[in-house]
S.K.: 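Got a structure for you, written out below as structure tokens; questions coming shortly.
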Amino acid sequence: MEYIVEPKGSVLFVRLSLGDELFTGIKEACKKAGVSQGTITSCIGSLSKTSYTFVKSEAKSVTKMAYRDTIVSEKPNELISGQGTIGMSNGELDIHMHALMCDVDGTLFAGHMMPGNIVAATMEISIAVANTGRIAREFDQTLQFPLFQFKA
């Protein structure tokens, strides 16, 4: 893992290597750089193992949304575009990330990234660091699951 932080601390650039786990690598770079919150503005590279999910709707109401079981693919793929939020949850760094990927057959797929994504060749990540306010995952009473809350 390599990283650099812009002088004013506004952007963190991270490169993960073969065999690194995506979320673990991002969190490690954030901890080393002193970053506790921000947004993943760009994430591109390749994965040898991909863990993701997407929402299902159990009813017509948005309050009944839930995630499907985690899908795990061991087909190599290109992560074409990834974006997300980094904040705190119960005193630990937490990541909420979505991505668009393309497998070896050229099939596009996308979803909510879960832990367990293994870098194939490389992964390049840019993080816009939030130096003010607070980004923290808290339970949302309306939707009945934890969401990142943004507070000044």
Side-chain angles (χ1 to χ4, degrees), residues 1-6 10-33 35-90 92-130 135-140 142-150:
M1 183 262 304
E2 299 172 5
Y3 74 95
I4 59 172
V5 183
E6 285 296 298
S10 59
V11 180
L12 172 63
F13 298 100
V14 180
R15 186 179 72 79
L16 302 179
S17 302
L18 172 69
D20 288 342
E21 197 284 323
L22 181 62
F23 284 4
T24 301
I26 292 171
K27 289 176 184 179
E28 182 180 314
C30 285
K31 286 177 186 175
K32 286 184 178 183
V35 172
S36 62
Q37 57 188 21
T39 184
I40 299 168
T41 58
S42 175
C43 182
I44 59 171
S46 57
L47 295 169
S48 61
K49 179 180 177 185
T50 309
S51 298
Y52 68 103
T53 188
F54 48 93
V55 296
K56 62 181 178 179
S57 182
E58 296 171 347
K60 293 184 179 183
S61 169
V62 70
T63 61
K64 298 292 182 187
M65 287 177 54
Y67 286 109
R68 297 175 182 272
D69 291 339
T70 299
I71 300 162
V72 177
S73 171
E74 297 205 22
K75 272 188 179 179
N77 71 72
E78 290 291 324
L79 194 154
I80 297 167
S81 178
Q83 298 83 32
T85 304
I86 299 170
M88 300 301 289
S89 179
N90 298 316
E92 298 291 326
L93 281 172
D94 196 4
I95 298 171
H96 176 207
M97 182 176 165
H98 290 198
L100 173 65
M101 292 144 294
C102 179
D103 69 17
V104 295
D105 301 316
T107 303
L108 291 172
F109 60 103
H112 172 99
M113 302 303 281
M114 302 297 286
N117 295 285
I118 306 302
V119 175
T122 189
M123 190 67 64
E124 299 164 0
I125 304 128
S126 302
I127 299 166
V129 178
I135 301 173
R137 194 177 291 272
E138 297 173 2
F139 190 78
D140 183 279
T142 302
L143 296 178
Q144 294 294 299
F145 56 84
L147 298 174
F148 274 120
Q149 306 294 322
F150 304 91

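Reckoned from all heavy atoms, side chains included, excluding hydrogens, waters and symmetry mates.
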S.K.: Mind listing the closest non-hydrogen atom pair of Leu93 and Cys30 along with its distance?
M.R.: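 Shortest heavy-atom separation between Leu93 and Cys30 comes out as CD1-CB, 3.7 Å.
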S.K.: Could you tell me how the ring of His96 sits relative to the ring of His112: parallel (under 30°), tilted (30 to 60°) or perpendicular (over 60°)?
M.R.: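 The arrangement is tilted - the two ring planes meet at 30° to 60°.
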S.K.: Determine whether Gln83 and Thr39 make a side-chain contact, defined as any pair of heavy atoms from C-beta on separated by less than 4.5 Å.
M.R.: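 Gln83 vs Thr39: side chains apart.
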S.K.: Can a donor-acceptor pair be found, under 3.5 Å and without considering hydrogens, that links the side chain of Thr122 to the backbone of Leu18?
M.R.: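 It does not hold such a pair.
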S.K.: Please round to the nearest 0.5 Å and tell me the distance separating atom CD1 of Ile40 and atom CG of Leu12.
M.R.: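 Between atom CD1 of Ile40 and atom CG of Leu12 there are 10.0 Å.
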S.K.: Can you measure from CD1 (Ile44) to CD1 (Ile125) and round to the nearest 0.5 angstrom?
M.R.: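 So the gap between those two atoms works out to 10.0 Å.
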S.K.: Do the non-hydrogen side-chain atoms of Ile80 and Leu108 ever get within less than 4.5 Å of each other?
M.R.: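 Yes; the side chains approach each other to less than 4.5 Å.
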S.K.: Under the rule for side-chain hydrogen bond (donor to acceptor under 3.5 Å, both in side chains), what residues qualify as partners of Glu21, not counting sequence neighbours?
M.R.: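 Checked Glu21 against side-chain hydrogen bond (donor to acceptor under 3.5 Å, both in side chains); matches are Thr24.
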S.K.: Rounded to the nearest 0.5 Å, how far does CD1 of Ile127 lie from SG of Cys43?
M.R.: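 Those atoms lie 9.0 Å apart.
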S.K.: As an exercise, state the distance from CG of Asn77 to CE of Met101, rounded to the nearest 0.5 Å.
M.R.: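 Asn77 CG to Met101 CE: 6.0 Å, rounded to 0.5 Å.
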S.K.: Looking at every heavy atom in both Ile135 and Ala130, which two are closest together, and how far apart are they?
M.R.: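 Minimum heavy-atom separation between Ile135 and Ala130: CD1-CB, 4.2 Å.
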S.K.: Keeping Thr41 on the side-chain end and Ser126 on the backbone end, is there a donor-acceptor pair under 3.5 Å?
M.R.: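 Flag set: sc Thr41 to bb Ser126 pair under 3.5 Å.
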S.K.: To check you understand the geometry: which heavy-atom pair defines the closest contact between Phe23 and Met113, and what is its length?
M.R.: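 Phe23 and Met113 have their closest heavy atoms at CZ-O, 3.6 Å.
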S.K.: Of all residues at least two apart in sequence or in a different chain, which pass the salt bridge (Lys or Arg N to Asp or Glu O under 4.0 Å) check with Glu124?
M.R.: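 Expected list: none.
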S.K.: Can you list everything that forms a salt bridge (Lys or Arg N to Asp or Glu O under 4.0 Å) with Asp105? Sequence neighbours excluded, please.
M.R.: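 For Asp105, the residues satisfying salt bridge (Lys or Arg N to Asp or Glu O under 4.0 Å) (neighbours in sequence not counted) are Lys75.
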S.K.: With distance as the sole test, does Asn117 use its side chain to make a donor-acceptor pair with the main-chain N or O of Ser51 at under 3.5 Å?
M.R.: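 Side chain of Asn117 to backbone of Ser51: a pair is present.
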S.K.: Evaluate the side chain to side chain contact (heavy atoms under 4.5 Å, CB included) criterion for residues Thr85 and Phe150: first the C-alpha distance (whole Å), next the side-chain angles of each, then the deciding distance (0.1 Å), finally the verdict.
M.R.: CA-CA 11 Å; Thr85 304; Phe150 304 91; 4.1 Å; yes
S.K.: Determine yes or no for a side-chain-to-main-chain donor-acceptor pair under 3.5 angstrom, with Ser46 supplying the side chain and Ala121 the backbone.
M.R.: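 Indeed, once roles are kept as given, a pair shorter than 3.5 Å links the two residues.
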